[in-house]
Amino acid sequence: MSFEPKILGIACNWCTYTGADLAGTTRLQYPQNLRVVRVMCSSRINPSFIFRAFQLGADGVLIGGCHPGDCHYNTGNLYARRRLAVTKKILEFSGLEPGRFRVEWISASEGNKFSEVVTEFTAQIKSLGPQTKFKISQ
Amino acid sequence: MSRIGVFVCHCGLNIAKTVRVSELAELAATLPDVVVAKDYKFMCSTPGQEMIVNDIKQHKLDRIIVTACSPLMHEQTFRKVLAASGLNQYLLTIVNIREQVSWVTHDIEEGTTKAKALLNGAVYRARLLAPLTSRVIDVNPNVMVVGGGIAGIQAALELANTGKKVYLVEKNSTIGGHMAQFDKTFPTLDCSACILTPKMDAVLQHKNITMMTSCEVSEVKGFVGNFDITVRQKARYVDHSKCNACLACTEKCPGKGISEWDEGLVKRKAIYIPFPQAVPQKPIIDKESCTFFKKGKCRLCEKACEQKAIDFEQQDTFVQVKVGAVILATGFDLMDTKPLVQYGYGKYPGVYNALEVERLFNSAGPTGGKVTLRDGSEPKSIALLHCIGSRDKNNHEHCSRVCCMYSLKFAHLFKEKTSADVYQFYIDMRAAGKGYEEFYNRIIEEDVKFIRGKGARVTQSADEPGRLVVEAEDTITGKFIKLPVDMVVLSPAIVPRADSKDVARLFNLSTDKQGFFMERHPKLAPLSTMSEGIFIAGVCQSPKDIPDTVAQAYGAAAEALTIVVKDKMELEATTAMVNPASCCGCQNCVRVCPYGAPGFNETKRVSEINEALCKGCGLCASVCPTSAIIARHFTNDQVLAEMEGLMEF
Ligand SMILES: Cc1cc2nc3c(=O)[nH]c(=O)nc-3n(C[C@H](O)[C@H](O)[C@H](O)COP(=O)(O)OP(=O)(O)OC[C@H]3O[C@@H](n4cnc5c(N)ncnc54)[C@H](O)[C@@H]3O)c2cc1C
Ligand code: SF4
Ligand code: SF4
Ligand code: SF4
């Protein structure tokens with residue numbers, strides 16, 4: 001059987017989650033490896049969520065928020081942007097392959113961008129194979 | 001121990017086709033704390049809802065998971081079901097297996113596995129949910145309408161007639177919008193002014209409407225039910241409370257500016273009203289073209305004004321307005337066609353855009369309603385080019401919806417007012433609307449020539465100086481044609497207002513791919529937005545004709561009314577709180593919150609969050625070094641538990 005990665009997504013309610021819904025409404029097809037957690041704002045995302053996802057065995061983590069400047073909470077995602085950039089550095093410093101963590105700004109009208117990003121990211125994670133660096137085996 | 005009920009919806013075949021719903025219910029029954037698990041054809045239907053109510057009672061359920069469509073669709077529906085059964089509405093979890101599963105895959109294996117993962121995550125999360133109490137707030141009964149075109153006018157009148165106070169904010173010095181520029185309107189050809197001016201007057205006369213012309217919104221604070229909006233009143237240099245609209249000033253003014261209202265075809269005075277039926281009838285001074293402002297000498301208007309209304313010292317002022325709901329009706333711009341150099345707009349005097357032609361037809365326009373070219377001669381042949389910049393992947397993909405129809409209207413008016421030959425260059429004739437196909441047939445009878453092919457280029461005639469040549473491929477005959485004409489009329493794409501992004505940001509709206517304001521749902525909530533209490537109507541939402549614009553205006557008025565008709569309303573309870581026992585007093589939260597909700601209590605040396613201001617984004621919770629902040633409904637434990645559940649499948 002081919003490797004089917006598990007990808008954890010965390011999406012903000014107003015932009016990326018709505019954009020993902022739009023992908024559905026317009027019946028765009030993408031791989032089903034992604035499981036999305038909805039939060040109100042990308043700024044809610046605590047770096048510990050991301051570390052935990054990799055510990056739980058996620059092969060990739062995809063974060064989605066509103067485009068910088070278009071945050072539903074004005075400045076929330078500007079904080080998220082900085083914090084997630086640092087998180088990425090720490091993950092890579094700790095030995096995670098750079099391709100496993102990704103942050104994308106996807107607006108509520110970008111259903112097609114959502115499906116494209118998921119398709120591309122899934123293919124990338126497949127080619128990287130299973131994530132073992134952080135995974136805690138049960 | 002909680003008692004969870006899981007309800008899996010088939011949504012007919014929408015979900016059941018690519019997710020094995022019964023398997024989902026079977027799985028649910030084996031998950032921790034799940035007491036009941038069922039699947040049903042339509043969970044949102046009355047029997048579906050009753051099933052949940054009965055099971056809550058019968059099995060003493062204290063957590064409900066509805067595995068169905070997106071929470072953005074039906075979260076509110078099912079929350080009401082919980083409330084009706086005496087259960088706290090925040091004990092509901094929705095699992096989105098339609099928009100984010102069954103509609104995005106054809107593979108039932110994949111679909112079922114993903115749905116199981118999502119459901120598993122929801123069960124883990126649901127076990128940790130806590131009941132929350134909604135905040136009840138007083139609702140301000142007033143409404144603001146931004147934009148005084150036909151959409152804003154209609155919405156304001158409707159609301160004012162119900163007894164609500166309306167603030168109508170218009171950035172121009174008159175209300176009326178584009179419709180006030182037209183001569184006739186398709187498909188009935190009734191005179192635009194005859195149907196619009198009575199409404200403009202009604203706005204002026206209405207005791208419940210405060211008309212705020214030459215005004216723009218500069219800041220929006222607050223939230224649904226209690227918006228606190230700052231409006232910038234631009235300096236008019238005429239004190240309207242003194243002006244009696246005699247217009248003696250305008251006669252004496254030597255200043256010359258470009259008449260925006262006449263699309264730059266003529267000059268106007270520096271102190272002016274845009275057109276004779278403008279509302280209000282009181283003038284403003286345009287600083288750019290005023291001789292006094294430019295040269296420091298003149299003040300002829302001041303001498304002419306018996307009311308002493310001229311005030312060169314006037315400054316912009318800021319007015320504070322409190323409302324419960326807002327309707328945006330800011331309309332559209334026409335695309336600037338100068339960059340499309342192949343059409344020669346701005347280069348050849350014989351090339352016009354559609355709004356300029358509207359002004360030529362208008363008896364109050366620059367030519368008094370006579371169709372003449374810039375040199376004063378009457379055109380003998382006229383080409384109307386459809387879809388300029390619309391339906392064009394390189395420019396705007398969307399159809400502007402009204403250009404086919406107004407081009408037919410123009411053809412009729414050209415035939416009526418001149419003896420010219422009239423040619424339509426079109427890709428497809430779009431005449432979907434009540435009476436539109438009939439109107440099209442009528443124009444065909446009027447000896448207008450239809451060429452099925454998009455105008456590709458406009459050049460200057462080599463043999464006849466001053467004449468133009470339209471090049472196109474006639475897709476019916478397959479022949480390439482070159483047609484000499486005197487006048488070319490472009491139908492530029494209808495595009496969002498140049499400042500629409502700024503307005504969207506002020507009111508916290510999303511815009512769609514083209515930049516029009518985005519509605520909450522493309523079919524079922526076309527007038528509400530993702531920002532609670534902010535509604536949209538007219539062309540600012542998408543291109544449309546006057547009948548559809550007016551229908552939306554009525555709808556938006558009704559939507560706004562559903563908010564301001566109540567004295568009190570419930571707000572989301574999903575705010576943040578500080579646990580004082582763990583707060584270290586670093587004040588990170590105070591610094592980051594976009595709404596200034598957290599404040600530092602100097603006596604207790606800890607931060608506290610003002611719930612009335614908190615919007616529940618959760619930012620503070622993720623910057624708190626001691627995890628003292630609890631983002632209700634999205635706590636660390638809840639999110640982590642959900643993730644754990646998701647990763648097990
Ligand atoms: C050439 C042409 C001919 C047409 N002919 C017809 C026809 O014959 N029949 C028909 O049914 N339809 C016709 N239409 C379509 C018609 O123009 C629209 O349906 C209608 O004007 C939409 O009204 P609106 O109120 O949404 O927008 P608008 O008419 O654009 O009004 C918007 C108003 O909001 C104001 N505003 C904008 N931004 C702000 C801001 N930030 N703050 C405050 N105020 C602001 C503007 O100044 C304006 O007064 C035609 C369109 C064109 C381009
Ligand atoms: S002062 Fe300005 S507005 Fe007044 S008459 Fe002179 S040019 Fe016109
Ligand atoms: S961020 Fe946390 S610890 Fe710091 S002041 Fe705010 S609540 Fe207290
Ligand atoms: S949740 Fe957001 S809005 Fe509420 S206090 Fe924290 S940062 Fe401010």
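Only the side chain of B:N14 has a heavy atom closer than 4.5 Å to any heavy atom of chain A. Both the backbone and the side chain of B:T105 have a heavy atom closer than 4.5 Å to some heavy atom of chain A. With a 4.5 angstrom heavy-atom cutoff, B:H106 touches chain A via backbone and side-chain atoms both. With a 4.5 Å cut-off on non-hydrogen atoms, B:D107 does not touch chain A at all. For B:E642, the part lying under 4.5 angstrom from a heavy atom of chain A is the side chain only. In this structure, no portion of A:T26 lies under 4.5 Å from any heavy atom of chain B. Both the backbone and the side chain of A:L8 come within less than 4.5 Å of a heavy atom of chain B. Only the side chain of A:Y79 comes within less than 4.5 Å of a heavy atom of chain B; its backbone N, CA, C and O stay farther away. For a residue to count as touching a neighbouring chain, one of its non-hydrogen atoms must lie under 4.5 Å from one of that chain's; by this rule B:V592 touches chain A with backbone and side chain alike. Contact annotation for B:M518: only side-chain heavy atoms (C-beta onward) come within less than 4.5 Å of a heavy atom of chain A.
Cation-pi geometry between A:R102 and A:F121 is not met: the NZ or CZ atom fails to fall both under 6.0 Å from the ring centre and inside 45° of the normal.
For A:E92 and A:K88, the salt-bridge test passes: some basic side-chain N is under 4.0 Å from an acidic carboxylate O.
Ring geometry for B:H396 against B:H398 counts as tilted: the plane angle lies between 30° and 60°, on a 0 to 90° scale.
Annotation: disulfide (SG to SG under 2.5 Å) contacts of B:C540 (sequence neighbours excluded): none.
For residues 40-63 of chain A, no pair satisfies ring pair (Phe, Tyr, Trp, His ring centres under 6.0 Å), with sequence neighbours left out.
A centroid separation of 6.0 Å or more is found between the aromatic rings of B:F507 and B:F517.
When each of B:N96, B:T511, B:L509 is scored by its heavy-atom pairs under 4.5 Å with chain A, the top score falls to B:N96. Annotation: maximal heavy-atom pairing with chain A below 4.5 Å, among B:C617, B:G618, B:P594, occurs at B:C617.
Counting heavy atoms from C-beta outward, B:E519 and B:I536 have side chains that approach closer than 4.5 Å.
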